[in-house]
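Numbering starts at 1 and runs along the sequence shown. Just so you know, ligand 1 is whichever comes first in the structure, and atom 1 is the first atom listed for that ligand. Please read all numbers here as calculations on a predicted model, not as lab measurements.
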Amino acid sequence: MAAFDQAVEANGARIPLLGLGTWELRGRTCARVVEQALRLGYRHIDTAHMYDNEREVGEGLRASGVKRSEIFLTTKIWPTHFSPPELARTAKECLVRLRQTEVDLLLLHWPNPNVPLSETIGALCKVKRDGLARHIGVSNFTVALVEEAVRLSTEPLVCNQIEVHPFLDQTKVAAACRKHGLAVVAYTPLARGRAMRDSVLKEIGKQHDKSAVQVALRWLVQQGIAAIPRTEKVERLSSNAAIFDFTLSDDEMARIGALAHPGGRVVNYSFSGAPQWD
Ligand SMILES: NC(=O)c1ccc[n+]([C@@H]2O[C@H](COP(=O)([O-])OP(=O)(O)OC[C@H]3O[C@@H](n4cnc5c(N)ncnc54)[C@H](OP(=O)(O)O)[C@@H]3O)[C@@H](O)[C@H]2O)c1
């Protein structure tokens, strides 16, 4: 049985270590996968205004019958909506689409160098104070931007959602987050298919009677990093969650960490200028 209640504590938030990613999930598939994930025990769902699936995510939530208070729901605001009036308007639109009165976590989806961070963070804090989001945070923020955001924010920031998987070294930004009490939430935790094909992950999995996917996810949660793998296949939800009944040894953790290499990043997108990943 998966321990869906295992969570990372971060500046007052309790973020379940395993969540469901929903990027590219659409229509009935999206609603069905969200519903089934919640029925199976998942308690953390990740969406974004830009995914254009918040309506279906909301449908899945309601269809599951799981009490709203038991679910940790995250959405994100796209950087074209970072001016304070736009941010407030978009946050309200997210809630209308989701048919919710608040989300558990509202994130700035990517840094936007064209809008002063002080203004955007100020607007994000106001959205929280107005009761639209229980917690706030950032995504795709570098070490320098995490420092700046923490300095500017009058409300606690609880997470930085970033790409993390065995093929990418994110120790510096993770350390900056830890220093300020922010959780790291790992997106693209399976490196969009690469994890299942990796021979080291497969070999370590054999020792534990687990798959390469389960080893990749275990490596994250064992470090206190939340992971939000996406699948559109209901039959994969259970196996992706069966990661709380085994432990990787220190040596195995180190071998997996050593898979990181400079070209390991999967998401090479950047909004108006490349972020400095230092
Ligand atoms: N903040 C950001 O900027 C940002 C950026 C990217 C992603 N995200 C979030 O992070 C979530 C996860 O990242 P992602 O969607 O990019 O990639 P991912 O979770 O690393 O990989 C998803 C892929 O893995 C496959 N998969 C899942 N479970 C599997 C299994 N047990 N065996 C084999 N294949 C499996 C899925 O295929 P099937 O569907 O066929 O199972 C899908 O093609 C997103 O959905 C989104 O919520 C956030």
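Applying the salt bridge (Lys or Arg N to Asp or Glu O under 4.0 Å) test to R255 and every residue at least two apart in sequence or in another chain returns E203. Under the side-chain contact (heavy atoms from CB on, under 4.5 Å) criterion, E59 pairs with A31, R62, sequence neighbours left out.
For the 3.5 Å distance criterion, the side chains of D46 and Q161 qualify, holding a donor opposite an acceptor.
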Inventory of protein N or O atoms under 3.5 Å from ligand 1 N or O:
residue	atom	partner	partner atom	Å
ligand 1	1 (N)	S139	OG	2.9
ligand 1	1 (N)	Q161	OE1	3.0
ligand 1	3 (O)	H109	NE2	3.4
ligand 1	3 (O)	N140	ND2	2.9
ligand 1	8 (N)	Y51	OH	3.4
ligand 1	13 (O)	T188	N	3.0
ligand 1	15 (O)	R230	NE	2.5
ligand 1	15 (O)	R230	NH2	3.2
ligand 1	16 (O)	T188	OG1	3.1
ligand 1	16 (O)	R192	NE	2.7
ligand 1	16 (O)	R192	NH2	3.0
ligand 1	19 (O)	R230	N	3.0
ligand 1	20 (O)	P189	N	3.4
ligand 1	20 (O)	L190	N	2.9
ligand 1	20 (O)	A191	N	3.4
ligand 1	20 (O)	R192	N	3.2
ligand 1	28 (N)	N240	ND2	3.0
ligand 1	31 (N)	N240	OD1	2.8
ligand 1	34 (N)	R236	NH1	3.3
ligand 1	39 (O)	E232	N	2.8
ligand 1	40 (O)	K233	NZ	2.4
ligand 1	40 (O)	R236	NH1	3.1
ligand 1	41 (O)	T231	OG1	2.5
ligand 1	41 (O)	R236	NH1	2.6
ligand 1	45 (O)	T22	N	3.2
ligand 1	45 (O)	W23	N	3.0
ligand 1	47 (O)	T22	N	3.2
ligand 1	47 (O)	D46	OD2	2.7

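Ion pair E24/R230 flagged as a salt bridge, since at least one NZ, NE, NH1 or NH2 atom sits closer than 4.0 Å to an Asp/Glu carboxylate oxygen.
Residue pairs satisfying the ring-ring contact (aromatic ring centres under 6.0 Å, His included) criterion with at least one member in residues 201-232, sequence neighbours excluded, are listed as follows: H208-F246.
Judged by the 6.0 Å distance and 45° axis criteria, R14 is not positioned over the aromatic ring of F72.
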